[in-house]
Amino acid sequence: MQHDAYRAMWERLDLDLPAHDGLLQVLGKFYGDIYMSQQGRLQGMEYLDFVLSEVHGLRIQELQDAKAQGRKVIGTFCVFVPEEITLAAGAIHVGLCSGAEAGTELAEQLVPRNTCALIKSFIGFKLAKLCPFTQSCDLVVGETTCDGKKKAYEAFAEHVPMLVLEVPQQKRACDRELWKAEVLRYKAEVEALTGQTITAQSLAAAIRTVNARRRVLQRLGALRAASPAPISGRDALLINQVSFYDDPERFTGAISTLCDQMEARVAAGEGVAPADTPRLLLSGCPMAVPNWKLPYVVESAGAVIVGEESCIGTRNTRDLVDESGTTVEEMIDAIVDRYLRIDCACFTPNSERMDNVVDLARAQKADGVLQYTLLFCQPYGHESMKLARRLEAEGIPNLAIETDYSMEDVEQLKTRVEAFVEMLRSRRG
Ligand code: SF4
Ligand code: SF4
């Protein structure tokens, strides 16, 4: 009965129903193999299992209900789009995931073949009519981060209502001015879209909501420093992925309960893997849902992932917006400053990222760093070489992997990751 209601909703959203059925089937099997096969999962992960099982069902229904009440839905592809402003204007902010291969042939009619999988994915999902989130959006916000994305948005704008924010590529005073002007432009666009004026009260509440979600994810990250590791890297990644499209307050509550369970586990000296398991930090490009390939390969090779230095990880949660502002102007300044601390590889120079990776590897007691770069990603490809030299100088082993969303290289990845894990094990021994 419920399934029929969902089908009617997907039809109204103009999805390609047979292709969408196929996608849900593949996703369900993939999730079962990678997630449900794990031992010793925390009870709180049931919430994440439920949210993921309803990702195209209940959550989309919630968006439709909100739209029926006059609220707007804004989709994004980058952690640079200030969610606080979206929420302060009463709109819903969703990350459009882009973590699976879909509609690739169609996407390659709009962007060159040698474009990263993430970009091809968001275009492919739209053109193949597979994403109910994109279909629900009243506005999609892009950003001029990497060249691949900014040129892709030109083509994408013919298919969705788009706004592109200009993100500076350096962090001088004049860049801050440019970014502030863009944040104010975003505020004006969102106010026009929603018909709501952002007030000091609504902005302060939105800042608190988003900070609370960041804080609970920081708490989760800190608990992963314990040995044995209290949660698998796969589960922690899923939590970060779900944070991009779940209701923020509900999500914060659920993850807070899960962190309580983790704390009890840490206090009891229990974990998901023995204490002598090699610990790895993942670093690099974002892993959007349902991109679980590399974490699965790593953890099947006998290691445990203890952190993600990525936008689906600490790059999104490390910095809070200062909450002391009392006027809209002060709060906008705090937002501008917080977002300019993001250490995306699109910045030049970007030496703070090197420091942040080393600090995180030490804080999480990682035995090594696994650098993950999507094929054809220039910014992270370049920084991977620089980061390898820095890690070497710090005495932290690292392995650089370049891959995409296809399964063709899984065996090859396994061989390389297993050899790396074995080396870390013998180093420990
Ligand atoms: S890696 Fe850079 S471009 Fe990609 S989501 Fe993060 S901040 Fe945005
Ligand atoms: S993975 Fe790299 S190339 Fe792809 S969108 Fe992100 S920064 Fe751009």
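Whatever order the structure lists ligands and atoms in, that order sets their numbers, starting from 1. Counting begins at 1 with the first residue of the sequence.
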When rounded to the nearest 0.5 angstrom, what is the spacing between CD1 in I396 and CG in D367?
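Rounded to the nearest 0.5 Å, the CD1-CG separation comes out at 10.5 Å.
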Would you compute the distance between atom CD1 of I34 and atom CH2 of W292 and round it to the nearest 0.5 angstrom?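 One gets 6.5 Å once the value is rounded to the nearest 0.5 Å.
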At what distance is the nearest protein heavy atom to atom 6 (Fe) of ligand 1, and which residue and atom is it?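 Scanning the protein heavy atoms, the shortest distance from atom 6 (Fe) of ligand 1 goes to C311 SG, 2.2 Å.
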Look at atom 2 (Fe) of ligand 1 and say which protein heavy atom is nearest, naming residue and atom and giving the distance to 0.1 Å.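 Ranked first by proximity to atom 2 (Fe) of ligand 1 is C344 SG, 2.3 Å.
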For atom 8 (Fe) of ligand 1, which candidate among C78, S310, G284 provides the closest heavy atom?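 That would be C78.
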Open item on the list: Please determine whether a side-chain nitrogen of the Lys or Arg among R318 and E308 lies less than 4.0 Å from a carboxylate oxygen of the Asp or Glu.
Closed with: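 Salt bridge absent between R318 and E308.
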Salt-bridge contact D65-R71 (side-chain N to carboxylate O under 4.0 Å):
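No, this pair does not count.
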- prompt: Run the side chain to side chain contact (heavy atoms under 4.5 Å, CB included) check on L63 and F133 step by step: do they pass?
  reply: CA-CA 9 Å; L63 298 187; F133 283 93; 3.9 Å; yes
Identify which one of D246, L258, T257 satisfies the side chain to side chain contact (heavy atoms under 4.5 Å, CB included) criterion when paired with Y47.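 That would be D246.
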message: Testing V304, L42, I305 one by one against I231 for a side chain to side chain contact (heavy atoms under 4.5 Å, CB included), which residue passes?
response: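 Answer after filtering V304, L42, I305: L42.
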query: Which ligand 1 atoms, with their elements, are less than 4.0 angstrom from a heavy-atom of T145?
result: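 Going through ligand 1 atom by atom, the ones under 4.0 Å from T145 are 3 (S).
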Item to complete: Would you verify that at least one protein heavy atom lies under 4.0 Å from atom 4 (Fe) of ligand 2, or report that none does?
Response: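 Yes, because at least one protein heavy atom sits under 4.0 Å from atom 4 (Fe) of ligand 2.
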Q.
Inside 2.8 Å of atom 2 (Fe) of ligand 2 but strictly below it, how many protein N/O/S atoms are present?
A.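 Under the 2.8 Å cut-off, the count stands at 1.
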>> Ring centroids only, cut at 6.0 angstrom: are Y35 and Y296 within range, meaning strictly under it?
In response: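 No.
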